2 protein chains.
Amino acid sequence: VTVAARRALAQADVVVTDRLAPRELLDELAADVELVDVAKLPRGRAAAQEAINQLLVARARAGKRVVRLKGGDGFVFGRGYEEVMACADAGIPCTVVPGVTSALSVPALAGIPVTHRGVTHDFTVVSGHLPPGHPDSLVDWAGLGGSKGTLLLLMAVDNLPVIAEALQQHGRSPGTPVAIISDGSMPTERTVLTTLGESAATAADHDVRPPAVIVVGDVVSVANPTAYGQALV
Amino acid sequence: VTVAARRALAQADVVVTDRLAPRELLDELAADVELVDVAKLPRGRAAAQEAINQLLVARARAGKRVVRLKGGDGFVFGRGYEEVMACADAGIPCTVVPGVTSALSVPALAGIPVTHRGVTHDFTVVSGHLPPGHPDSLVDWAGLGGSKGTLLLLMAVDNLPVIAEALQQHGRSPGTPVAIISDGSMPTERTVLTTLGESAATAADHDVRPPAVIVVGDVVSVANPTAYGQALV
């Protein structure tokens with residue numbers, strides 16, 4: 001967590017949080033701070049987002065200083081901007097405090113750089129929550145298969161078999177090194193090293209479950225995760 | 001800066017820094033902490049990197065607790081991993097504290113989300129320090145031209161004319177929205193909105209200088225930077 005985020009929390013009247021926000025931070029809050037856990041909102045996802053927006057606006061209009069606490073980076077697949085726009089539309093001033101995205105911090109903590117001189121000059125962060133070919137998918141899996149940069153797949157454990165297949169079909173070699181880092185930054189963190197061709201089978205063999213960050217690319221082979229004393233499989 | 005980074009600094013005997021590290025943090029250090037500014041190393045870049053590696057190892061071997069402070073994310077075009085490997089090779093234990101990368105925090109502070117529901121499910125961070133076609137370039141500009149995800153160009157101000165040309169040549173529409181954010185997070189921060197086809201001319205007209213983050217993609221058109229009260233041109 002950043003110093004700026006902690007400072008904002010210390011000044012909050014209301015904190016609106018969900019299941020990805022770190023509990024330690026919430027334990028630090030003063031007793032008179034109202035804590036709202038939106039993970040407990042009972043309805044579907046779209047309705048829940050609308051309810052969150054309304055809650056933020058209503059509390060701010062009541063003169064409260066509201067902090068919306070999200071795990072990771074709220075602008076990386078986090079719908080953070082939808083909440084910013086709802087506030088802007090309601091005329092409520094707000095400040096964004098950038099977070100540390102798991103897409104980059106989890107590989108870093110596991111000993112894998114997303115870029116490395118002489119290896120890659122670009123990386124792509126992709127949501128894998130929809131499989132390739134899904135009508136709502138906005139991801140160009142063919143293009144990512146043809147590129148050589150590092151890929152960082154989020155929310156991709158369930159769809160890994162079809163994603164790995166699509167990437168190979170469009171040009172990535174089956175031998176491309178892959179690291180699957182589950183429970184990043186938690187005591188249960190585990191890194192499994194494999195290849196693109198074997199990745200789906202390896203994930204199944206090791207019973208990998210979400211949340212995980214999957215790193216695809218040659219940076220995985222320059223990495224030396226044992227330098228950090230991480231648990232490697 | 002993160003709470004973890006600040007905590008590490010408070011425990012340091014030696015702090016090795018360079019010109020991108022925030023000065024406020026250095027002003028907080030105790031008087032007996034040795035501060036080494038490697039930006040002042042007189043030699044060429046490769047030699048300077050070797051000298052930094054040797055310095056880190058030498059101080060650690062002398063029993064000092066050494067903090068290497070970098071601006072942004074040291075693993076995003078930051079050569080951070082080269083220093084980690086030098087320490088690992090010397091048998092020196094080290095801990096990586098992930099930072100907030102400017103590639104994501106600068107757009108967020110300027111009111112531009114890198115992903116947005118219904119607009120894009122992926123983004124690519126690219127170094128523009130080498131022009132397309134340069135023999136040492138590892139970037140697949142043709143592939144990036146053909147993709148539809150958000151592009152975040154770092155170190156790309158000088159090469160923007162040739163980069164914009166390459167992206168259009170390989171499929172990105174000249175009308176693709178572009179935001180050029182210079183001096184991100186500083187009092188002199190400025191956001192210039194333009195299109196891919198006009199971006200080079202706009203940057204020249206407004207005398208845009210590094211450092212800048214250049215955002216290419218439809219997320220720029222959903223953004224409403226005035227919601228933040230930013231200075232827009």
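For clarity, every value in this text was computed on a predicted model and none was experimentally measured. Just so we're on the same page: letters track the sequence lines, and every chain starts at 1.
Using a 4.5 Å cut-off on side-chain heavy atoms (C-beta onward), B:V1 and A:T2 make no contact. Side-chain contact between B:F75 and A:I112: absent, with no pair of heavy atoms (C-beta onward) separated by less than 4.5 Å. Proximity of B:R6 to A:R6: side-chain heavy atoms (C-beta onward) are nowhere separated by under 4.5 Å. Side-chain contact between A:D122 and B:V125: absent, with no pair of heavy atoms (C-beta onward) separated by less than 4.5 Å.
Of the two parts of A:S147, the backbone and the side chain both hold a non-hydrogen atom closer than 4.5 Å to a non-hydrogen atom of chain B. Heavy-atom distances place no part of A:V106 under 4.5 Å from chain B, backbone and side chain included. Neither the backbone nor the side chain of A:T150 comes within less than 4.5 Å of any heavy atom of chain B. Looking at A:L130, the atoms closer than 4.5 Å to chain B (heavy atoms on both sides) all sit in the side chain, from C-beta outward.
What you find for B:V100 and A:P98 is that their closest heavy atoms are CG1-CB, 4.2 Å. Summarising the geometry of B:V222 relative to A:M85, their closest heavy-atom pair is O-SD, 3.8 Å, with the distance given to 0.1 Å. Scanning both residues, B:V139 and A:H121, for their nearest heavy atoms gives CG2-CB, 3.6 Å.
Between A:H116 and B:Y81, the ring-plane angle classifies as perpendicular under the 30° and 60° cut-offs.
Ranked by heavy-atom pairs under 4.5 Å with chain B, the list A:V3, A:D140, A:V126, A:L104 is led by A:V3.
Between the side chain of A:T115 and the backbone N or O of B:F77, at least one donor-acceptor pair lies under 3.5 Å.
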